Amino acid sequence: DRPRGPRPTILVSGQSYPYAIAASGANIYWLNLGDSLSGSLAVDWEGGERLACARDGEGCAASVRSLVSGRFEKDLKPSVLATDGTNVYWSDLARTTVGTPPTPMVWSCGADGCGGFPRALSSSDAWAVAVGEIDVYWTTGLGGRIESCPRAGCDRGPRVLWTSPSAGTVGGRTLDIAVDEDSVYWTTGAGELMTCTLEDCSASAMVLVPSSAGLLLQGPLCLDAESV
């Protein structure tokens, strides 16, 4: 028989299509997509929520609270969730005017709530989001870029750290992302793991794991003191 570890603790159940998760300090945050509404090219997810609960090791059903609720209007679903303990960050689409196409946005909400009204950091179509000590970073999927914005917002537009030479192609996509105090790491549609320094990303960008390694680099990136 294979060795068995301890059974996982169920923190909360009965959620409506939980999709992404982040943790900081005493709290856990996650996205509920809600119910899928079919019949259109862009799938809508009715009743979506961004939620939080206290992490005490014994479950958190009694402390679940909704930070923001509403519909996710995104054919590729919201990005992974990120938090710095003060705010929660994610991306999805917003309709600024009835009858007009939705606009991609990067959002933030206070970790203790924002009255149901998140703050728009940038009108960028973010694929995945990561939080650094000063800025928020994201990938743009088919746009092939790494962008950043101060956590307070960037009214003048985001800073473009790096653009893939193959932007606009499947292989040139920038996908999952992680950041530490010195560097940013991301995966590409070509199956690469890349990194660069925060000071000069364009000049320092390099491949850590090449596509020739044949790895399926999908899913959130995680960092510790030694590895990614």
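For this chain, numbers begin at 1 and follow the sequence in order. As the structure is a computational prediction, the values presented were derived from the model and not from experiment.
Under the 4.5 Å side-chain heavy-atom criterion for Ile, Leu, Val, Met, Phe, Trp and Tyr, Tyr185 and Val209 are members of the same hydrophobic cluster. Both Ile28 and Val64 are assigned to one and the same hydrophobic cluster, defined by single-linkage of ILVMFWY side chains at heavy-atom distances under 4.5 Å. Residues Ile21 and Val12 share a single hydrophobic cluster, defined by chaining ILVMFWY side chains whose heavy atoms lie under 4.5 Å apart.
Using a 4.5 Å cut-off on side-chain heavy atoms (C-beta onward), Glu147 and Arg159 make no contact. No side-chain heavy atom of Ile134 sits under 4.5 Å from any side-chain heavy atom of Glu181. Using a 4.5 Å heavy-atom cutoff, the side chains of Trp90 and Cys109 are in contact.
Legend: disulfide (SG to SG under 2.5 Å) pairs involving residues 139-186, not counting sequence neighbours, sorted by first then second residue: Cys149-Cys154.
In this structure, OH on Tyr29 lies 9.0 Å from CG on Asn87, to the nearest 0.5 angstrom. Once rounded to the nearest 0.5 Å, the distance linking SG of Cys60 with CG of Asn27 reads 9.0 Å. Distance SG/Cys114 to CH2/Trp107: 10.0 Å, rounded to 0.5 Å.
Closest approach of Gly141 and Trp127 over heavy atoms only: N-CB, 3.6 Å. Of all heavy-atom pairs spanning Ala126 and Ser91, the tightest one is O-OG, 2.8 Å. Looking at every heavy atom in both residues, Ile177 comes nearest to Ala128 through CG2-O, 3.6 Å. Annotation for Ala111 and Leu67: closest pair O-CD2, 3.9 Å, computed over non-hydrogen atoms. Closest heavy-atom contact between Thr140 and Arg145: OG1-N, 2.9 Å. A pairwise comparison of heavy atoms in Ala20 and Leu81 identifies CB-N, 3.8 Å as the closest pair.
Side chains of Glu192 and Trp186: no donor on one and acceptor on the other come within 3.5 Å. Between the side chains of Asp84 and Tyr89, at least one donor N or O sits under 3.5 Å from an acceptor N or O.
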Pair up each side-chain donor or acceptor in residues 219-228 with any protein partner under 3.5 Å, not counting sequence neighbours, and list the distances.
unit_1: Asp224; atom_1: OD1; unit_2: Glu226; atom_2: N; d: 2.8
unit_1: Asp224; atom_1: OD1; unit_2: Ser227; atom_2: N; d: 2.6

Please tabulate, for the side chains in residues 197-208, all donor-acceptor contacts under 3.5 angstrom to protein atoms that are two or more places apart in sequence or on a different chain.
unit_1: Thr197; atom_1: OG1; unit_2: Asp200; atom_2: N; d: 3.4
unit_1: Thr197; atom_1: OG1; unit_2: Ser204; atom_2: OG; d: 3.0
unit_1: Asp200; atom_1: OD1; unit_2: Ala203; atom_2: N; d: 3.4
unit_1: Ser202; atom_1: OG; unit_2: Leu161; atom_2: O; d: 2.9
unit_1: Ser204; atom_1: OG; unit_2: Thr197; atom_2: N; d: 2.9
unit_1: Ser204; atom_1: OG; unit_2: Asp200; atom_2: O; d: 2.7

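Remark: Ser166 pairs with Ser164, Thr169 by the side-chain contact (heavy atoms from CB on, under 4.5 Å) rule, at least two apart or across chains. Not a single salt bridge (charged side-chain N to carboxylate O under 4.0 Å, His left out) links Arg173 to another residue, sequence neighbours left out. Residues passing the salt bridge (charged side-chain N to carboxylate O under 4.0 Å, His left out) test with Asp180: none are found, sequence neighbours excluded.
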**OP:** Could you go through the side-chain contact (heavy atoms from CB on, under 4.5 Å) check for Trp162 and Thr174 one step at a time?
**Re:** CA-CA 10 Å; Trp162 182 81; Thr174 50; 3.8 Å; yes

**OP:** For side-chain contact (heavy atoms from CB on, under 4.5 Å), just list the numbers for Val179 and Val131, CA-CA rounded to whole Å, side-chain angles, deciding distance to a tenth of an Å, and then say yes or no.
**Re:** CA-CA 7 Å; Val179 63; Val131 187; 5.7 Å; no

